[in-house]
Amino acid sequence: MTIEKVGVVGAGQMGNGIAHVSALAGYTVMMTDISQDALDSAIALIDKNMTRQVSKGAISEDEKAAALARIACTTTLTDLGPCDLIIEAATERETVKQAIFDELLPHIHENTILASNTSSISITRLASRTDRPEKFIGFHFMNPVPIMQLVELIRGIATDDATFNACQEVVDRLGKTSATSEDFPAFIVNRILMPMINEAVYALYEGVGNVSSIDTSMKLGANHPMGPLELADFIGLDTCLAIMNVLHDGLADTKYRPCPLLTKYVEAGWLGRKTKRGFYDYRGETPVPTR
Ligand SMILES: CC(=O)CC(=O)SCCNC(=O)CCNC(=O)[C@H](O)C(C)(C)COP(=O)(O)OP(=O)(O)OC[C@H]1O[C@@H](n2cnc3c(N)ncnc32)[C@H](O)[C@@H]1OP(=O)(O)O
Ligand SMILES: NC(=O)C1=CN([C@@H]2O[C@H](COP(=O)(O)OP(=O)(O)OC[C@H]3O[C@@H](n4cnc5c(N)ncnc54)[C@H](OP(=O)(O)O)[C@@H]3O)[C@@H](O)[C@H]2O)C=CC1
């Protein structure tokens, strides 16, 4: 099937990036969120990120203008009805995602492919609640979407070849590279990355190091572009905790126990960059460690 219209559900940090790269690749994009403010902020951020690409010569002014013109926004989920591929990128909570697919189903055409950008939740389980498990897939972008090369493609138990191949073509057209993961908790990237981040929080919790020493150690000692606590703030501590809970529940192994300090930050509403406070405080000119 040919994909021309892409729907994006959720206009947070991932949704805006998915809309950005899809529009630049020539797709018509309809982005939805429950919040008009989130949609307005997403469009402003896409504009800013594309302007940066223009200033670096990566795209032209005309390409930017054409891409922005291809993105429409709506707070009415069912406006995504005519889309060929719908990528859900809402909050990492299974009930939220299920409710979105439940509401969408009566309004989409029979060939529409449903995809979730979930970081960890079972694709097979999300798919099983829909009328089209064979046309359901995990389409997992990395953050920041315009920069990161990888998309993980996750087949649920019923995902058919036509769906997988159509999504592989989308990945190619976006100029990205796919890696295929089997459908097990948190797939490949987060199965490996998130326990490392959780361990960094344990190192902080147990006083092995403070925020600066832990991040400096991993940046300069392991050549990571960001320290694990800086990266956790960048991803969102709510998302990190949600992924650890999926690993812990799904694999029933205490090695995935979320660090109580991570839980405490989330309970405080200190979710990282998006709330301006996490392991660093972002309210001033430069980030200041909170421990
Ligand atoms: C949780 C999940 O489910 C899965 C995940 O996504 S896990 C997270 C995966 N992501 C990572 O691990 C990111 C690790 N960090 C990095 O790679 C780098 O720190 C970074 C690319 C984010 C920033 O790199 P940097 O060298 O520190 O900064 P900077 O030089 O300003 O930026 C590098 C490029 O990224 C762009 N960039 C930075 N932040 C950006 C953002 N939020 N959105 C879009 N573009 C961004 C910059 O414009 C710049 O572009 P060019 O290469 O075209 O010049
Ligand atoms: N952050 C990351 O690094 C990565 C995240 N992901 C995954 O992408 C998804 C989104 O994450 P991210 O962008 O970081 O999260 P954000 O919190 O930045 O954005 C989520 C957005 O979804 C909105 N939303 C919540 N419920 C609904 C709904 N019913 N309908 C439409 N929109 C809704 C939220 O609105 P409101 O704020 O009003 O609740 C918010 O604007 C998650 O599944 C996450 O696991 C995947 C790769 C990397």
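Start at 1 and go down the list; that is how both ligands and their atoms are numbered. Everything quoted here is computed from the prediction, not taken from an experiment. Any value given below was found using the heavy atoms of this structure, including those in side chains, with hydrogens, waters and symmetry copies removed.
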Open item on the list: Give me the nearest non-hydrogen protein atom to atom 44 (C) of ligand 1 as residue plus atom name, then the distance to 0.1 Å.
Closed with: R52 NH2, 3.4 Å

TODO: Identify, for atom 34 (C) of ligand 1, the protein heavy atom at the shortest distance, and state residue, atom and that distance.
DONE: I147 CD1, 3.9 Å

Task: Contacting atoms of ligand 1, where contact means under 4.0 angstrom from a heavy atom of M148 - done: 9 (C), 10 (N), 11 (C)

TODO: Output yes when K219 and E230 qualify as a salt bridge under the 4.0 Å nitrogen-oxygen rule, no when they do not.
DONE: yes

Open item on the list: Consider side chain to side chain contact (heavy atoms under 4.5 Å, CB included). Of F184, F139, F187, which one does I123 pass it with?
Closed with: F187

Open item on the list: My understanding is that we take every heavy atom of each candidate and find the minimum distance to atom 14 (C) of ligand 1. Doing that for A186, P225, A242, which one comes out nearest?
Closed with: P225

TODO: Say whether M244 and I121 are linked into one hydrophobic cluster, either directly or through other cluster members, by side-chain heavy-atom distances under 4.5 angstrom.
DONE: no

Open item on the list: Nearest 0.5 Å, please: how far is OG in S122 from CG in D249?
Closed with: 12.5 Å

Open item on the list: Quick one: does any side-chain atom of E88 pair with a main-chain N or O of A90 as donor and acceptor, under 3.5 Å?
Closed with: yes

Task: V189 to ligand 1, any heavy atom closer than 4.0 Å - done: no

Task: Heavy atom of the protein closest to atom 12 (O) of ligand 1 (residue, atom name, distance) - done: L231 CD1, 3.7 Å

Task: Closer than 4.0 Å: a protein non-hydrogen atom to atom 31 (O) of ligand 1 - done: no

- [ ] Report the distance from atom CZ of F141 to atom CD1 of I87, rounding to the nearest 0.5 Å.
- [x] 4.5 Å

Task: Qualifying residue for side chain to side chain contact (heavy atoms under 4.5 Å, CB included) with L85, from I137, V8, V170, L114 - done: V170

Task: Residues K97, E103; criterion salt bridge (Lys or Arg N to Asp or Glu O under 4.0 Å); working and verdict - done: CA-CA 10 Å; K97 294 180 187 299; E103 192 178 336; over 6 Å; no

TODO: Flag atom 48 (O) of ligand 1 as yes if some protein heavy-atom distance to it falls below 4.0 Å, otherwise no.
DONE: yes

TODO: List the closest protein heavy-atom neighbour of atom 7 (S) of ligand 1: residue, atom name, distance to the nearest 0.1 Å.
DONE: L193 CD2, 3.4 Å

Open item on the list: Within the 3.5 Å criterion, strictly below it, is a donor on D40 or Q36 matched to an acceptor on the partner's side chain?
Closed with: yes

Task: Inter-residue atom distance M14.CE - E92.CD, 0.5 Å rounding - done: 10.5 Å

- [ ] List the closest protein heavy-atom neighbour of atom 42 (N) of ligand 1: residue, atom name, distance to the nearest 0.1 Å.
- [x] P144 CB, 3.8 Å

TODO: Mark yes or no: R173 above the aromatic ring of Y27, with NZ or CZ under 6.0 Å from the six-membered ring centre and no more than 45 degrees from the axis.
DONE: yes

TODO: Could you find the nearest protein heavy atom to atom 5 (C) of ligand 1 and give me its residue, atom name and distance?
DONE: M142 SD, 3.8 Å

Task: Closest protein heavy atom to atom 10 (N) of ligand 1, given as residue, atom name and distance to 0.1 Å - done: N143 O, 2.7 Å

Open item on the list: Just to be sure I read this right, does ligand 1 sit under 4.0 Å from the backbone of T239, its side chain, both, or neither, counting only heavy atoms?
Closed with: neither

Open item on the list: Less than 4.0 angstrom from a charged side-chain N to a carboxylate O is my criterion; do R125 and E94 meet it?
Closed with: yes

Task: Partners meeting side-chain hydrogen bond (donor to acceptor under 3.5 Å, both in side chains) with D238 (sequence neighbours left out) - done: K274

TODO: Show which atoms of ligand 1 fall inside a sub-4.0 Å distance from at least one heavy-atom site of N190.
DONE: 1 (C), 2 (C), 3 (O), 4 (C)

Task: 4.0 Å protein heavy-atom contact status of atom 3 (O) of ligand 1, strictly under - done: yes

Task: Any non-hydrogen protein atom less than 4.0 Å away from atom 27 (O) of ligand 1 - done: no

Task: Part of I235 within contact of ligand 1 (heavy atoms, under 4.0 Å) - done: side chain

TODO: Flag this pair as yes if the NZ/CZ of R155 is under 6.0 angstrom from the six-membered ring centre of F164 and inside a 45 degree cone about the axis; otherwise no.
DONE: yes

Open item on the list: For atom 23 (C) of ligand 1, what is the closest protein heavy atom, and at what distance to 0.1 Å?
Closed with: M226 CE, 5.0 Å

TODO: Might you check, step by step, whether the distance between atom 19 (O) of ligand 1 and some protein heavy atom is under 4.0 Å?
DONE: yes

Task: Option whose closest heavy atom lies nearest to atom 53 (O) of ligand 1, chosen from K56, E152, M194, E92 - done: K56

Task: H140 heavy atom under 4.0 Å from ligand 1 - done: yes

Open item on the list: Distance under 4.0 Å, heavy atoms only, partner ligand 2: which residues pass?
Closed with: V9, G10, G12, Q13, M14, D33, I34, A38, A89, A90, T91, E92, V96, K97, I100, N117, T118, S119, H140, F141, N143, I235, T239, K274

Task: Proximity of H224 to ligand 1 by residue part, where a heavy atom lies under 4.0 Å - done: neither

Task: Approximate separation, where rounding is to 0.5 Å, of T51 OG1 and I46 CD1 - done: 11.5 Å

